[in-house]
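Take a look at the structure set out below.
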Amino acid sequence: MLRINQLQLPVGHSREDLTAKVKKILRTDKTPDIFVVRRSVDARKKPDLYFNYILNVKVDRQKEVYKRCDRKQVQVFEERPYRFPVKGYQGKVRPVVIGSGPAGLFCALMLAKAGFHPLLLERGRPVRERLRDVENFWEKGKLAPESNVQFGEGGAGTFSDGKLNTLVKDTYGRNREVLRIFVKAGAPEEILYDHKPHMGTDILCNVVENLRHAIEDAGGCIRFGAKVSDLQIKDGQIKGVVLDGGEEIGASYVVLAPGHSARDTFAMLKERNIRMEAKPFAVGMRVEHPQRLIDQAQYGLERHPVLGSASYKVTAKSGGRGVYSFCMCPGGFVVNASSEAGRLAINGMSYSKRDGQNANSAIIVSVSPEDFEDGGPLAGVEFQRKLEEKAYRLAKGKIPVERYKDYKDAVLGSSAPGDGKEQGKIPDGFAPCIKGTWEYAAVHQILPQELRAAFVEGMEHFGRVIPGFNDGNALVEGIESRTSSPVRILRNEKLQSSVKGLYPCGEGAGYAGGITSAAMDGIQVAEMVAKHILEAEKK
């Protein structure tokens, strides 16, 4: 196998163009087999846009071909596919996995394929039923506490843009394996090579359902409506779990992948003296712009026929705090992502076509345990809850919306003559793209002064990077409080908690930051669980 780096072609090129360019680089007349490893967009000369490729190529008489190649662009490459360390387990030990977000799903899938017959416990409902509950909440405001944007099959990531890029270093091939499994479950093949892969909520629902079937086909079992309310612990060793209603399930190996919003689970763990700590995260607001504004800034034209809706990533500093975009949703929607009565949290979501009128992103400000009133492990949870309660009260449970100019003027204490006439008015032709009900309100009141000032400073900086980003008619909506887990459940080098046999896993446990990294952590924990089971059986 040969690897070609830095191959560039105009966006919109044909497969024949790609083949011809490869043959030219390899200096061969024979048509090789071409496999795309990575594709990214080069927009430095917009509106002239290019794809940059990394390719793997199979060609006859490779040694002869390689001798003729430019060694700076072409190298010999040996592909090493991922291998789970255990295969064909025949023992009787059955691990339990708590939570069916990406971490729990991939952990259970790997264990099932290796022969361990895991039991996966999910407090919420299957994804199709969950989808109906969520849509009912958006339309009628009736919250289902165990079946919402945060809880249910697939976890919080199911109702998102479905971004699959990650900054986690991958020396073991887990990242590639996650993407490969997603494709097998129905995701588009492009996620294997796009620089910023995504699926969209509509595809994610199908993929999550297919992953469940894959677990079951491999010998695993999934139970819905199975909320774990307690742990059975004896002499520092996990012995089982207790479900709501009192059912006890014995288990010597339990994977805890609860998701970042399982606040009642965190409280139970604290009561059980499981070692945890408050961790830094970020809070902020969703900001909506017309998608055409972002497309013009990124691509040099209002709508690209091949690339579709453009995305962005912006970062800044304000008084030592990070201010940055998070979970950017091109052509997407802002969604009511609440999971507790009397508290409101929002998130962003896109469908696979990303063809909505608006772009939205969370513009968030970093916070640390020093910002929390309490010094305990759940201090970040209480910090989130207070902000969510303020957001809920602002618009009586609806998503509060405010023009950026009104937000900024209130924060900076300034108002130009005559501007008051426009306060409280959404600009004509620019309606919010929101799933759930909304109301114009004083969004600037939600965050503490230091954080809202940092938000404004960041917005003004981003306006110098993306023209129009800080336009007064941009819409600010809140609150984005569930960016990542406010808690880390401590684990050792064997990936076990302070209780032997209990394995914290994924984003909710504090060891991931998105769909792909959570899935990768699920695979890593599955590897360790399998290893420990085999080691114990040899003794």
Side-chain angles (χ1 to χ4, degrees), residues 43-44 161 163 165-169 195-196 260 277-289 293-294 297-298 310-330 334 345-348 359-373 379-380 383-384 386-387 391 402-414 443-472 474-486 488 507 510 512-514 517:
R44 289 175 294 180
D161 183 61
K163 281 178 283 294
N165 51 302
T166 177
L167 299 178
V168 176
K169 292 184 179 180
H195 178 58
K196 295 182 178 180
H260 60 40
E277 64 182 13
K279 62 178 278 291
F281 57 104
V283 296
M285 303 293 162
R286 281 275 153 184
V287 178
E288 288 195 78
H289 298 92
L293 182 148
I294 305 302
Q298 301 298 80
S311 64
Y312 61 80
K313 182 178 181 180
V314 287
T315 63
K317 283 284 187 180
S318 175
R321 294 183 187 273
V323 185
Y324 51 98
S325 59
F326 171 80
C327 187
M328 194 271 151
C329 298
V334 175
I346 64 173
N347 194 10
N360 77 75
S361 176
I363 301 300
I364 53 177
V365 182
S366 61
V367 294
S368 66
E370 288 73 27
D371 294 303
F372 310 149
E373 294 180 5
F383 182 82
Q384 290 175 326
K386 289 179 180 179
L387 296 177
E402 187 173 25
R403 286 195 318 150
Y404 174 62
K405 185 182 189 318
D406 295 343
Y407 189 105
K408 181 176 71 170
D409 287 349
V411 171
L412 300 182
S414 62
V443 179
H444 62 269
Q445 295 179 3
I446 301 174
L447 289 174
Q449 174 59 26
E450 183 180 350
L451 300 187
R452 60 193 181 203
F455 171 85
V456 169
E457 186 176 346
M459 287 289 293
E460 294 303 299
H461 174 80
F462 303 149
R464 295 188 288 272
V465 178
I466 299 176
F469 199 90
N470 61 335
D471 183 88
L475 301 179
V476 182
E477 300 146 7
I479 183 172
E480 180 96 12
S481 53
R482 314 280 184 93
T483 56
S484 65
S485 180
R488 179 172 289 112
E507 185 165 345
S517 60

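Just so it is clear, the model here is predicted, and its values are computed rather than measured. FYI, side chains are in, hydrogens and waters are out, and symmetry mates aren't considered; it's all heavy atoms of this structure. Numbers here simply count residues along the sequence, with the first being 1.
Shown here are the salt bridge (Lys or Arg N to Asp or Glu O under 4.0 Å) partners of R482, two or more places apart in sequence or in another chain: E388. Residues satisfying the salt bridge (Lys or Arg N to Asp or Glu O under 4.0 Å) criterion with R464, sequence neighbours excluded, are absent altogether. For A282, the side chain to side chain contact (heavy atoms under 4.5 Å, CB included) partners two or more places apart in sequence, or in a different chain, are Y324, I364, T483. Every residue two or more places apart in sequence or in another chain that forms a ring pair (Phe, Tyr, Trp, His ring centres under 6.0 Å) with F383 is listed here: F372. Listed by chain and number, the residues in a salt bridge (Lys or Arg N to Asp or Glu O under 4.0 Å) with E288 amount to none (sequence neighbours excluded). Applying the salt bridge (Lys or Arg N to Asp or Glu O under 4.0 Å) criterion to D371, with sequence neighbours excluded, gives R321. Looking at residues two or more places apart in sequence or on another chain, you find no side chain to side chain donor-acceptor pair (under 3.5 Å) involving S485. For S368, the side chain to side chain donor-acceptor pair (under 3.5 Å) partners at least two apart in sequence or on another chain are E370. In this view, E477 satisfies the side chain to side chain donor-acceptor pair (under 3.5 Å) rule with no residue, not counting sequence neighbours. Scored by the side chain to side chain donor-acceptor pair (under 3.5 Å) test, D161 finds K163, S350, R354 as partners (sequence neighbours excluded).
The nearest pair of heavy atoms linking C327 to N347 is SG-OD1, 4.1 Å. In terms of heavy-atom proximity, H444 sits nearest to Y407 at CA-CE1, 3.3 Å. When every heavy atom of G478 is checked against every heavy atom of V443, the shortest pair comes out as N-CG1, 4.1 Å. Nearest heavy-atom pair across A43 and Q298 is CB-O, 3.5 Å. Residues P330 and A310 approach most closely at CB-O, 3.5 Å, considering heavy atoms. The minimum heavy-atom distance between A454 and V323, with the atom names listed, is O-CG2, 3.7 Å.
Proximity of a side-chain donor or acceptor of E480 to a complementary backbone N or O of A362 within less than 3.5 Å is not detected.
Taken from OG in S517 to CD in E507, the straight-line distance is 6.5 Å, to the nearest 0.5 Å. For the atom pair CZ of R286 and CG of N360, the computed distance is 5.0 Å after rounding to the nearest 0.5 Å. Taking CG of L447 as the reference point, atom CD1 of I479 lies at 4.5 Å (rounded to 0.5 Å).
In the displayed structure, Q449 atom CD is contacted under 6.0 Å by more than 12 heavy atoms of other residues, nucleotides or ligands.
Residues C329 and S361 fail the side-chain proximity criterion, which asks for heavy atoms closer than 4.5 Å. Looking at Q384 and F281, their side chains come closer than 4.5 Å, going by heavy atoms from C-beta outward. Using a 4.5 Å cut-off on side-chain heavy atoms (C-beta onward), S484 and K279 make contact. Proximity of I446 to M285: side-chain heavy atoms (C-beta onward) are separated by under 4.5 Å at one or more points. Side-chain atoms of I466 and L293, non-hydrogen and from C-beta on, do get closer than 4.5 Å to each other.
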Please tabulate, for the side chains in residues 456-463, all donor-acceptor contacts under 3.5 angstrom to protein atoms that are two or more places apart in sequence or on a different chain.
from	atom 1	to	atom 2	distance (Å)
E457	OE1	S318	OG	2.7
E460	OE1	N470	ND2	3.1
E460	OE2	Y404	OH	2.6

